[in-house]
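Here's the structure we're looking at; comments come further down.
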Amino acid sequence: MARTRLTVTSTPVGDVELAVVTPVGTRRADPLPLLVAHDGPEYSRRAHLLSRLRDATAAGRVPPTRVVLLEPGPRHERYAANPLWAQALVEHVLPTVHTAYALDGRPTVMGASLGALASLQAEWRHPGTFGALFLQSGSFFRKRVDDEEDFEFWHRVTAFVTAVRRVRHRRTDARFVLTCGTDEGNLTNNRQMAQTLAASGHDVAFHETPGRHDWRSWEAAFDPYLLTLLQGSGSPGPSSRRGT
C-alpha cells in the first residue's frame, strides 16, 4: 500500500498531520471506500490495521480501501469530546482528502478508547458525514458508573455522553458497531451506550470480545466485525453481548 503524508493547516485545533494509505495499483481518481482511523499510526503499528486490511483485500473479503491514519497530536485535548476536533475533522480534514482523492460513498470512521468517543462526537455533531462507525472500548464515561473523575476532561466527556443519552429519536442513519473487552473497565459504559443508541432508533450492534483495554484485543476484534462492516453489508449478524 502506498503512503502519502499530508498536513491540514489552519483548522480549529491547529495543524493536523495524517497519512493517506492507498492500495497499490489504484490511482487518486479511482473512487474507493475510505476508512478514517483515529490514532492511525498506533492502529497501524500496534494493531496491524494495514496488514489485516491488505490480507482481507487479497482474499476478496473487503473491497480495496483507502485509509486515513490520523495522528492524534495533543490527544486528550482533541479526542475528549472536543467539538473543535469534530469540526476540524469534518470541515477541514475530510474535504482536504476528498480534494486529493476520489471517494466511493461516505467514509467509515474508527477509533479506540478516546478515539471511539471522538468518532461518535464527529458524527453526532455533523450527522450524515460518515456511513459507518467502528467504536472500540469507547471512553463513554458516566457519573456513578466510571471512576475517572481525576481525568482532566471528565466534565466535558460526561456532558457529551449525557447529551447523547437524552436524544429520543434517531440522529443519523450511520451504522454503529461497538466492541469492548470482557475484562476492561469501559464495559459497562459501552453496554449502556449501545443500549442508548438502539433505543433512539439507530442501527447498532454491540459485541463483547475476550480481552482487555489494549491493542492486541482491539486487533482481535477486526475479524469479523470491522471486516464485515467494510463489506458494506452492515454489522456481522444480530446485536450480541458476547462475540464469538
Side-chain angles (χ1 to χ4, degrees), residues 1-6 16-26 32-73 75 78-79 85 89 93-94 97 101 103-120 122-123 130-139 174-181 184 186 190 205 207 209-236 243:
M1 302 179 81
R3 186 177 307 213
T4 301
R5 294 191 59 84
L6 293 175
V16 177
E17 304 288 341
L18 60 92
V20 180
V21 184
T22 302
V24 172
T26 63
L32 297 180
L34 184 70
L35 174 64
V36 180
H38 284 92
D39 293 306
E42 292 293 279
Y43 257 123
S44 176
R45 182 174 66 87
R46 303 182 66 180
H48 311 105
L49 174 63
L50 298 180
S51 61
R52 297 295 294 270
L53 290 178
R54 183 181 62 240
D55 293 345
T57 302
R61 299 183 62 189
V62 300
T65 300
R66 287 193 184 92
V67 183
V68 171
L69 302 176
L70 296 169
E71 295 188 11
R75 185 173 185 271
R78 289 182 174 181
Y79 287 4
W85 169 252
L89 177 60
V93 172
L94 290 181
V97 174
Y101 298 90
L103 306 183
D104 180 12
R106 287 182 290 172
T108 296
V109 65
M110 67 183 294
S113 194
L114 286 175
L117 178 72
S119 299
L120 175 61
E123 177 63 18
F130 298 100
L133 292 82
F134 187 67
L135 311 178
Q136 298 194 272
S137 308
S139 299
R175 302 189 308 277
F176 293 86
V177 173
L178 287 72
T179 71
C180 195
E184 62 170 289
N186 280 355
N190 274 254
H207 302 277
T209 58
R212 301 179 181 275
H213 197 83
D214 56 38
W215 292 103
R216 178 177 296 181
S217 300
W218 296 328
E219 178 186 1
F222 292 168
D223 191 355
Y225 305 119
L226 175 62
L227 299 185
T228 305
L229 188 64
L230 293 177
Q231 291 171 7
S233 59
S235 57

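- Annotation for Trp85 and Val16: closest pair CZ3-CG2, 3.8 Å, computed over non-hydrogen atoms.
- Taking the six-membered ring for Trp and thresholds of 30 and 60 degrees, His213 and Trp218 have ring planes more than 60 degrees apart, a perpendicular arrangement.
- Residues satisfying the side-chain hydrogen bond (donor to acceptor under 3.5 Å, both in side chains) criterion with Tyr79, sequence neighbours excluded, are absent altogether.
- A distance of 7.0 Å separates CZ in Phe176 from CG in Leu135, rounded to the nearest 0.5 Å.
- A distance of 10.0 Å separates CG in Leu35 from CZ in Phe130, rounded to the nearest 0.5 Å.
- Contact of the Gln136 side chain with the Phe222 side chain is registered, since non-hydrogen atoms from C-beta on lie closer than 4.5 Å.
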Could you give me the CA-CA distance, side-chain angles and deciding distance for Val36 and Leu94, then say whether side chain to side chain contact (heavy atoms under 4.5 Å, CB included) is met?
CA-CA 9 Å; Val36 180; Leu94 290 181; 3.9 Å; yes
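- Contact between Ser217 and Gly211 at its shortest, heavy atoms only, is OG-CA, 3.3 Å.
- Atom NE2 of His48 is separated from atom CZ of Arg216 by 9.5 Å, given to the nearest 0.5 angstrom.
- Scanning for salt bridge (charged side-chain N to carboxylate O under 4.0 Å, His left out) contacts around Arg212 gives an empty result, with sequence neighbours left out.
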Determine, step by step, whether Val20 and Leu6 satisfy the side chain to side chain contact (heavy atoms under 4.5 Å, CB included) criterion, reporting the C-alpha distance in whole Å, the side-chain angles of both residues, the deciding distance to 0.1 Å, and the verdict.
CA-CA 8 Å; Val20 180; Leu6 293 175; 3.9 Å; yes
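- Here Arg66 contributes atom CZ and Leu34 contributes atom CG; the two are 8.0 Å apart, rounded to the nearest 0.5 Å.
- Smallest separation of non-hydrogen atoms from Pro64 and Leu32: O-CD2, 3.9 Å.
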Determine, stepwise, if the pair Ser113 / Ser137 fulfils side-chain hydrogen bond (donor to acceptor under 3.5 Å, both in side chains).
CA-CA 5 Å; Ser113 194; Ser137 308; over 6 Å; no
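- Side-chain N or O atoms of Gln231 include one that pairs as donor or acceptor with a backbone N or O of Arg61 at under 3.5 Å.
- By the 4.5 Å heavy-atom criterion applied to side chains, Thr108 and Leu230 are counted as neighbours.
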Report, one line per pair, each donor and acceptor closer than 3.5 Å where one atom sits in a side chain of residues 52-59; sequence neighbours left out.
from  : atom 1 : to     : atom 2 : distance (Å)
Arg52 : NH1    : Glu219 : OE2    : 3.2
Thr57 : OG1    : Leu53  : O      : 2.8

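- In terms of heavy atoms, Ala221 sits closest to Thr179 at CB-OG1, 4.0 Å.
- Atom CE of Met110 is separated from atom CG of Leu226 by 5.0 Å, given to the nearest 0.5 angstrom.
- Residues passing the side-chain hydrogen bond (donor to acceptor under 3.5 Å, both in side chains) test with Arg78, sequence neighbours excluded: none.
- When all heavy atoms of Ala132 and Ala174 are compared, the closest pair comes out as N-CB, 4.3 Å.
- Contacts of Ser119 classified as side-chain hydrogen bond (donor to acceptor under 3.5 Å, both in side chains), with partners at least two apart in sequence or in another chain: His38.
- For the pair Tyr101 and Val68, the minimum side-chain heavy-atom distance is 4.5 Å or more.
- One finds the OH atom of Tyr43 at 11.5 Å from the CG atom of Leu70 (value rounded to the nearest 0.5 Å).
- Residues forming a side-chain hydrogen bond (donor to acceptor under 3.5 Å, both in side chains) with Arg46 (at least two apart in sequence, or on another chain): Glu42.
- In this view, Ser44 and Arg3, Leu50, Leu69 satisfy the side chain to side chain contact (heavy atoms under 4.5 Å, CB included) rule, not counting sequence neighbours.
- Remark: the backbone N or O of Glu17 is not paired with any side-chain donor or acceptor of Glu71 at under 3.5 angstrom.
- Contact record, Cys180 with Glu184: SG-CD, 3.5 Å, taken as the closest heavy-atom pair.
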